[in-house]
A.B. asks: 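A single structure is presented below for examination.
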Amino acid sequence: MSKKLIQPPPGGHPIRFEKGHLEVPDDPWIGYVEGDGIGVDITPACLRIWDAAVQKAYGGRRKIHWVELFLGEKAGTRTGGDYFPAETLQWMKDLWVSIKGPLTTPVGGGFRSLNVSLRQALDLYACVRPVRYYQGVPSPLREPEKIDVVLFRENTEDVYAGIEYAAGTPENERLARFLRDEMKATFFEGAGLGVKPISRFGTERLVRQAITYAVEHGRRSVTLVHKGNIMKFTEGAFRNWGYELAQREFGDRIVTEEEVTGRYHGRVPEGRIVIKDRIADIMFQMMLLRPDEFDVIATPNLNGDYLSDAVAAEVGGMGIAPGANIGDGIAVFEATHGTAPKHAGKNIVNPGSLLFSGVLLLEYIGWPEAAERIQRGYERTLADRIVTYDFARLMTEAREVSTSAFADALIERL
């Protein structure tokens, strides 16, 4: 590992990935990226909470040795303009597990998105977004406590493949001519053109990860969300390949919704996970009207982008929505909101999204006791009506505190 930009910690040991499983020591190296904008406020607060939770849960027997990594503006400052250093990428590969604050994509070229580039470079094909309600969080729903879902959104195909051609360019004209002349397609002149790839390979590895999660966490169902009634050979194929994968690799653990209705007369056999599917637009309605009917959700990229943000809004918004990008062994956890530069350095924002992404990280490395302490501490802090400004303006008799003071309060309640 190079020491040019990133320094290893003085203690601890690296995580290893052996025979398909993480080997996590009691003193692991884990990478973190402070992030741009409000990263300067939320990341230090969260690091304190995570460390305190580990100390409380394990009494000093376990400790994370944090490795600061550099992406975005902080990387650019230290490298003379490189927002996406190859050294950071290599460290993320070698560390296996990292977490990052929000990142700004530089204007004027280079990357479509630093986040997208990172996911593609590390082949982090599953964007995992758990959404659940914490008592006391302001919500627009009457019964937000019914929401407890985990979304698996494909991270490398669909619109994230980035295959598009601007109207009026030679490339666009060549593709348009081919589509009209060879494929007999019809569409308006001057249209921008994009290609939406969805493969069996990409579908199967995402659905495999979703079902494995459901099995390991005792979840009741996995729902394939798609627009296959219109896009039959992409999203319709996603649905079909998902069912085929479920039957082939998890046949003794799953049952289809159709089998439950017919063969089992409406009763789910004990120990089985229900595999079902829903059309994307209907799914938005169902997550408002009957959210407790859904548990784990697997979906192509664009559907998952819309759905994960919409469902997060139902339980308090993006400010507390955690996220993870997971490949085969390697994982990068992240705040799901933006950099909010107008609030940067003011010590006022809600650290919840990054905080709960750290909870996912702790669960991922097999330290659930520390993760549970943070969740309980958060609920106790909210029960005492101690909140940052975003929640304070929606609550009565709330005590508004700074980001760092919120971290202090939560640590006291671990």
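The structure presented is a predicted model; accordingly, all values stated were derived computationally and were not measured.
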A.B. asks: Counting neighbours of CZ on R248 that are heavy atoms of other residues, nucleotides or ligands and sit closer than 6.0 Å, is the number greater than 12?
C.D. replies: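 Enclosed.
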A.B. asks: Check whether the side chains of E334 and N325 place a donor and an acceptor atom closer than 3.5 Å, and report yes or no.
C.D. replies: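 Indeed, the side chains of E334 and N325 share at least one donor-acceptor pair under 3.5 Å.
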A.B. asks: Any chance the side chains of E235 and N303 put a donor and an acceptor closer than 3.5 Å?
C.D. replies: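 Indeed, the side chains of E235 and N303 share at least one donor-acceptor pair under 3.5 Å.
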A.B. asks: Could you go through D295 and V150, starting from their C-alpha distance and side-chain angles, then the distance that decides it, and tell me whether this counts as side-chain contact (heavy atoms from CB on, under 4.5 Å)?
C.D. replies: CA-CA 6 Å; D295 204 335; V150 183; 5.8 Å; no
A.B. asks: Between the side chains of Y125 and D328, is a donor N or O closer than 3.5 angstrom to an acceptor N or O?
C.D. replies: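 Yes, side-chain donor-acceptor contact under 3.5 Å.
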A.B. asks: Do other residues, nucleotides or ligands put more than 12 heavy atoms under 6.0 Å from the NZ atom of K56?
C.D. replies: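 At most 12 heavy atoms, drawn from other residues, nucleotides or ligands, come within 6.0 Å of this atom.
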A.B. asks: For atom CD of E173, is the number of surrounding heavy atoms from other residues, nucleotides or ligands below 6.0 Å larger than 12?
C.D. replies: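 It does: E173 CD has more than 12 such atoms within range.
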A.B. asks: Distance alone, cut at 3.5 Å: any donor-acceptor contact between the side chains of R153 and Y306?
C.D. replies: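 Their side chains do not contain a donor-acceptor pair, so the 3.5 Å distance test is not met.
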A.B. asks: If we count only N and O atoms by modelled type, under 3.5 Å, do the side chains of R174 and Y165 hold a donor and an acceptor together?
C.D. replies: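 No pair is found: no donor N or O on one side chain lies under 3.5 Å from an acceptor on the other.
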A.B. asks: Show the numbers, then the answer: is there a side-chain hydrogen bond (donor to acceptor under 3.5 Å, both in side chains) between D277 and H226?
C.D. replies: CA-CA 8 Å; D277 71 279; H226 60 90; 2.8 Å; yes
A.B. asks: May I ask you to check whether N347 and D41 show a side-chain donor-acceptor distance below 3.5 Å?
C.D. replies: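 No, D41 and N347 have no side-chain donor paired with an acceptor closer than 3.5 Å.
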A.B. asks: Does a side chain donor of either W29 or D94 reach within less than 3.5 Å of an acceptor in the other side chain?
C.D. replies: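 Side-chain D/A pair, W29 to D94: absent.
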A.B. asks: May I have the step-by-step check of side-chain contact (heavy atoms from CB on, under 4.5 Å) for V401 and Y389, ending in yes or no?
C.D. replies: CA-CA 7 Å; V401 298; Y389 86 97; over 6 Å; no
